[in-house]
Number of protein chains: 2
Amino acid sequence: MTTIRDVAKHANVSVATVSRVLNKNGYVNEETKQKVLEVIKSLNYKPNAVARSLYKKSSKTLGLILPDITNPFFPELAKAVEDVANRSGYTLLFYNSEEQVEKEQIYIENLKQKYIDGVILATNSLNKQQVEGLEIPIVVVDRAINKNIPTVITKNYEGGKLATKYLKEIGCRVIAHIKGPDRNINAEQRFKGYIEEVSNEPWFHEELIIHGNYNMRTATEVTKKLLNKFPEIDGIFAGNDVMAVGAIKAAHQLGRKIPDDLSIIGFDGIALGEMTIPELTTIAQPIYRMGELATHILINLIEGKAIKQTYYELDIQLIKRESTKRA
Amino acid sequence: MTTIRDVAKHANVSVATVSRVLNKNGYVNEETKQKVLEVIKSLNYKPNAVARSLYKKSSKTLGLILPDITNPFFPELAKAVEDVANRSGYTLLFYNSEEQVEKEQIYIENLKQKYIDGVILATNSLNKQQVEGLEIPIVVVDRAINKNIPTVITKNYEGGKLATKYLKEIGCRVIAHIKGPDRNINAEQRFKGYIEEVSNEPWFHEELIIHGNYNMRTATEVTKKLLNKFPEIDGIFAGNDVMAVGAIKAAHQLGRKIPDDLSIIGFDGIALGEMTIPELTTIAQPIYRMGELATHILINLIEGKAIKQTYYELDIQLIKRESTKRA
DNA sequence: TTGAAAGCGCTAACAC
DNA sequence: GTGTTAGCGCTTTCAA
């Protein structure tokens, strides 16, 4: 391995000078500079990032903590984060927390020991105190913890309302909801949006709300039971796209025609929604934009740049496809 | 930040002693040890990983370079890699190369500068020389480069044969193939397996082979053209599941009934295959197992442990679901 | 404009 | 058993 010492020796200068040309700071004579640059090239020297980190107490690395990389929403997000991080010269440490608090806490200890510069976190498990105790810049994404913590989410409540209202508009008379995990704040918001729209309806009752755990297989099972018990249901708002797909499967297995007998709307706007038959009507979040924005904010925070705003609730968008009736 | 010096001072010992209890090596009196442990706890001291890396020239970190995290095959793989790495005390640096050689090369330089201990690589772009020039333990996964490089792949050729043979068995008379990217070695192998089974068939001609680029939308388009041109096609082997889903969509749009008019088989065994209607018959790779095995091999390589074998071609498995006729 | 040297926090060889 | 110290490769202060 060739070090800064080797370069210095070959160029007949001190390591300080080499360091100066490496970091483009301090005075260094044009000629010496050229010489050093030459030697660097000929020796194919690359500065050691670890040594630099030790001194600088910074590693040009971001941590990305995701609850489940297997849920298609998160790879789309991760791609955006990676894109922006890389373009800004940061690398990405990736953690899959599987929604386990203990894992998250271990990860975070790990991050601190490595002089990681900042963290992008999607979690329900950590609370405000825990996050603020981190002493590391952090941006929370997808699942808000607290308004004082930099955050990028979307209008989940409005989205839930919009989805439900749309089902009403196209003529659905009994609308059920497949809810995500209780402890998940965005599932809760989407659910509240639904409630807002249906609680005064004469047909509404609590049993129209079922729990699908943001997971296809569970959603299929519970939807089948639901449709068997209440065949009058003609609209389903699923808390995410994956569960909506599960609901489509359930309907199909029971011989219910979509969208003629039953309209289904999801939430997320993941690519999967265009792969199903019928294609999925959904409330789309700007997933790439979320990752991009979160990473920008984080990097600005790290680099001490001015930031106008650190709490974002991005707009969602109704995408009409084939799983819902025409209005 | 509290350092080893602080601990030493508070415990009235030298840093060497603290280091000894930290690393559980060298002699240290039980009492002193307890004292040190106490101080560590009371100060909430965590050793600095960067300083340790600098000395050890190792960072307990693995690099994971994937071509496209957005392709559902890779998150499933990444999950396995992350699981095993974490369980063995390694963290994971994640790179999304988007199939670009330049990006991969930048990433790899990066890795070396950070004392990354090893790399898991899924790529077509790098050749044998480039990989061997790395001077870092590496395991290639999903896409073989060379038999001398540690590798975990599956029997792509056999899989291609098996898929095609199965379509013949269930009575398909004209079988098309949607091929993955030309430069992708696994796409090539699957294609060869297909060819082996069909090249002597009287109905076979070159135009039954179309290019779908491992991508759903492209696959839908080309399949529609194909089916319009050759309506006699009653079986399609798609080079991966995502393209198979694209083919299902195409068939659906053209009003072809699956599996009655047309049987479709994919390759990969990703979770998506169970989400579609009809559910996808496929040649399943043991995706989790691939990631797990690759990571184990890599860690053994890094830690200098004995390894019986470094080139694995895992078995694939035919999973019969609804997109193909019954035999 | 350049160099010597201290120091980032840790490990390990060597001395006692 | 324990301490002293050099050194991992780099940056930056200070002096020249």
Side-chain angles (χ1 to χ4, degrees), chain A residues 1-40 43-61 89 109-117 135, chain B residues 1-40 43-61 89 109-117 135:
Chain A
M1 191 191 195
T2 118
T3 75
I4 199 172
R5 290 209 116 66
D6 303 321
V7 177
K9 212 166 288 173
H10 283 256
N12 281 314
V13 296
S14 73
V15 294
T17 302
V18 178
S19 177
R20 283 187 196 106
V21 346
L22 242 32
N23 297 292
K24 305 186 206 327
N25 62 16
Y27 295 94
V28 38
N29 180 32
E30 187 56 31
E31 263 181 63
T32 356
K33 183 175 159 189
Q34 288 312 324
K35 178 94 187 253
V36 170
L37 253 17
E38 250 170 56
V39 175
I40 287 179
L43 260 46
N44 190 26
Y45 165 74
K46 309 277 183 215
N48 180 310
V50 176
R52 184 176 277 174
S53 291
L54 180 59
Y55 186 91
K56 296 269 212 169
K57 298 183 190 305
S58 144
S59 61
K60 280 288 191 176
T61 303
E109 277 313 327
N110 217 294
L111 291 172
K112 285 207 223 167
Q113 294 177 46
K114 291 186 178 238
Y115 285 148
I116 263 49
D117 300 302
E135 306 164 327
Chain B
M1 191 190 196
T2 118
T3 76
I4 200 173
R5 290 210 116 66
D6 303 321
V7 177
K9 212 166 286 173
H10 284 254
N12 281 314
V13 297
S14 74
V15 294
T17 302
V18 179
S19 178
R20 284 191 193 98
V21 348
L22 241 32
N23 297 292
K24 305 186 203 329
N25 62 15
Y27 296 95
V28 40
N29 180 33
E30 187 57 30
E31 262 181 65
T32 359
K33 182 175 159 188
Q34 289 310 322
K35 177 94 187 252
V36 170
L37 253 18
E38 250 171 54
V39 175
I40 286 179
L43 261 45
N44 189 28
Y45 165 74
K46 309 278 181 214
N48 180 311
V50 176
R52 184 176 279 173
S53 291
L54 182 58
Y55 186 91
K56 295 269 212 168
K57 298 184 191 305
S58 142
S59 60
K60 281 286 191 180
T61 303
E109 276 313 326
N110 217 295
L111 293 172
K112 285 208 224 167
Q113 294 176 47
K114 290 185 179 238
Y115 285 147
I116 263 46
D117 299 303
E135 306 164 326

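Heavy atoms only: backbone and side chains are in, while hydrogens, waters and symmetry mates are out. Treat the numbers as computed from the prediction; the structure is a model and nothing was measured.
A:Ser58 places no side-chain N or O within 3.5 Å of a backbone atom of A:Asp117 that could act as its donor or acceptor partner.
A:Tyr45 has a side-chain polar atom (N or O) that falls below the 4.0 Å cut-off from OP1 or OP2 of D:dC10. Between B:Thr17 and the phosphate of D:dG3, there is a side-chain N or O to OP1/OP2 separation shorter than 4.0 Å. B:Asn25 has a side-chain polar atom (N or O) that falls below the 4.0 Å cut-off from OP1 or OP2 of C:dA12. Applying the 4.0 Å criterion to OP1 and OP2 of C:dG9, one finds that B:Thr3 has every side-chain N and O outside that range. OP1 or OP2 of C:dT11 lies within a sub-4.0 Å distance of a side-chain N or O belonging to B:Asn23.
Minimum atom distance to the side chain of A:Tyr27 is reached by C:dT2, of the listed C:dT2, C:dC10, C:dA12. Of the candidate nucleotides C:dC8, D:dC8, C:dG9, D:dC8 has the atom nearest to the side chain of B:Tyr115. Among the nucleotides C:dG3, D:dT2, D:dG7, the one closest to the side chain of B:Arg20 is D:dT2. For A:Val13, taking side-chain heavy atoms from C-beta onward, the closest of the listed nucleotides C:dT2, D:dT4, C:dG3 is C:dG3. For A:Asn29, counting side-chain heavy atoms from C-beta on, the closest listed nucleotide (C:dT1, D:dT5, D:dC10) is C:dT1. Among C:dA4, C:dT1, D:dC10, the nucleotide with an atom closest to any side-chain atom of A:Thr32 is C:dT1. Picking from D:dT4, C:dA5, D:dC10 the nucleotide with the shortest atom distance to the side chain of B:Ser14 gives D:dT4. The nucleotide whose nearest atom lies closest to any side-chain atom of A:Lys57 is, among C:dT2, C:dC8, C:dA4, C:dC8. With distances taken from any side-chain atom of B:Arg52 to the nucleotides C:dA12, D:dT12, C:dT11, the minimum falls on C:dT11.
Of the two residues near DNA chain D, A:Ala49 and B:Val28, the one whose nearest nucleotide lies more 5' is B:Val28. With the nearest nucleotide of DNA chain D identified for both B:Lys56 and B:Arg5, B:Arg5 has the one nearer the 5' end.
Counting non-hydrogen atoms of neighbouring residues, nucleotides and ligands closer than 6.0 angstrom, the NZ atom of B:Lys112 exceeds 12 such neighbours.
Atom-to-atom distance recorded for B:Lys46:NZ and A:Asn110:CG is 11.0 Å, nearest 0.5 angstrom. Atom CD of B:Gln113 sits about 8.0 Å away from atom CZ of A:Arg52, to the nearest 0.5 Å. Here the straight-line distance linking atom CG of A:Asn12 with atom OG1 of A:Thr17 works out to 11.0 Å at 0.5 Å rounding.
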